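All values reported here derive from a predicted model rather than from experimental measurement. Side chains are part of it too, since the values below use all heavy atoms of this structure and drop only hydrogens, waters and symmetry mates.
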Amino acid sequence: MSYYVITRTYLEDRSVKKDVLEMSKASAEIFKKQPGLIEMKSLYAENETHISTYLVWEDQQAHLRCMESKDFAEVTAQWTNFIQQGKIRFELETYGLIK
């Protein structure tokens with residue numbers, strides 16, 4: 001059964017917009033190489049307040065394995081630094097399909 005994840009990265013400090021967009025693109029390339037990823041779309045809000053990313057995984061285990069992947073080590077450090085500095089805020093929600 002497919003597993004759905006939606007993330008939102010809010011720009012609390014608009015001066016990091018360019019950096020966040022570059023990190024988002026780098027993360028997308030890593031996500032696309034992860035086993036079990038079915039689909040991914042990243043969207044930039046027209047009001048420039050946040051990025052939403054929609055991911056569809058084969059199952060929850062595929063998503064969890066991805067989150068533990070060492071492939072993200074470098075980019076995760078960058079995201080974490082911006083979060084700790086209060087420049088961005090990150091949310092992650094998971095969903096099951098309504099049948």
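For the residue pair Pro35 and Trp57, the shortest heavy atom distance occurs at O-CZ3, 3.9 Å. Between Asp59 and Arg65, the shortest heavy-atom distance links the atoms OD1-NH2, 4.5 Å. Annotation for Leu37 and Lys32: closest pair CD2-CA, 3.8 Å, computed over non-hydrogen atoms. Closest approach of Met23 to Val75, counting heavy atoms only: O-CG2, 3.9 Å.
The main-chain N or O of Val20 is never found under 3.5 Å from a side-chain atom of Ser24 such that the two would form a donor-acceptor pair.
The line from CZ of Arg89 to CG of Asp13 is 13.5 Å long, rounded to the nearest 0.5 Å. Thr53 OG1 to Leu43 CG: the interatomic distance, rounded to the nearest 0.5 Å, is 7.0 Å. Atom OG of Ser52 sits about 6.5 Å away from atom OH of Tyr10, to the nearest 0.5 Å. The structure places CD of Glu68 at 10.0 Å from NE2 of His63, a figure rounded to the nearest 0.5 Å. Between Ile30 atom CD1 and Thr76 atom OG1 the span is 7.5 Å, to the nearest 0.5 Å. Between atom CZ of residue Arg14 and atom CD of residue Glu48 there is a gap of 6.5 Å, rounded to the nearest 0.5 Å.
Shown here are the ring pair (Phe, Tyr, Trp, His ring centres under 6.0 Å) partners of Tyr4, two or more places apart in sequence or in another chain: there are none.
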Which donor-acceptor pairs under 3.5 Å do the side chains of residues 92-99 make with protein atoms, sequence neighbours left out?
| from | atom 1 | to | atom 2 | distance (Å) |
| --- | --- | --- | --- | --- |
| Glu93 | OE1 | Arg8 | NH1 | 3.4 |
| Glu93 | OE1 | Tyr95 | OH | 2.5 |
| Thr94 | OG1 | Tyr3 | OH | 3.4 |

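No side-chain heavy atom of Ser2 sits less than 4.5 Å from a side-chain heavy atom of Glu58. The shortest distance between side-chain heavy atoms of Leu21 and Ile51 falls below 4.5 Å. By the 4.5 Å heavy-atom criterion applied to side chains, Glu91 and Ile6 are not counted as neighbours. Put simply, the side chain of Tyr54 reaches to within 4.5 Å of the side chain of Glu39, judged on heavy atoms. Taking 4.5 Å as the limit, some side-chain heavy atom of Met40 sits within range of a side-chain heavy atom of Leu55.
Aromatic ring centroids of Phe90 and Phe82 lie 6.0 Å or more apart.
Between Ser27 and Trp79, the side chains place a donor N or O and an acceptor N or O closer than 3.5 Å (distance only, hydrogens not considered).
The local environment of CD in Glu74 is sparse, with at most 12 non-hydrogen atoms from other residues, nucleotides or ligands closer than 6.0 Å.
Using a 4.0 Å cut-off between charged side-chain N and carboxylate O, Lys25 and Glu22 make no salt bridge. Ion pairing between Glu12 and Lys87 fails under the 4.0 Å rule for side-chain N and carboxylate O.
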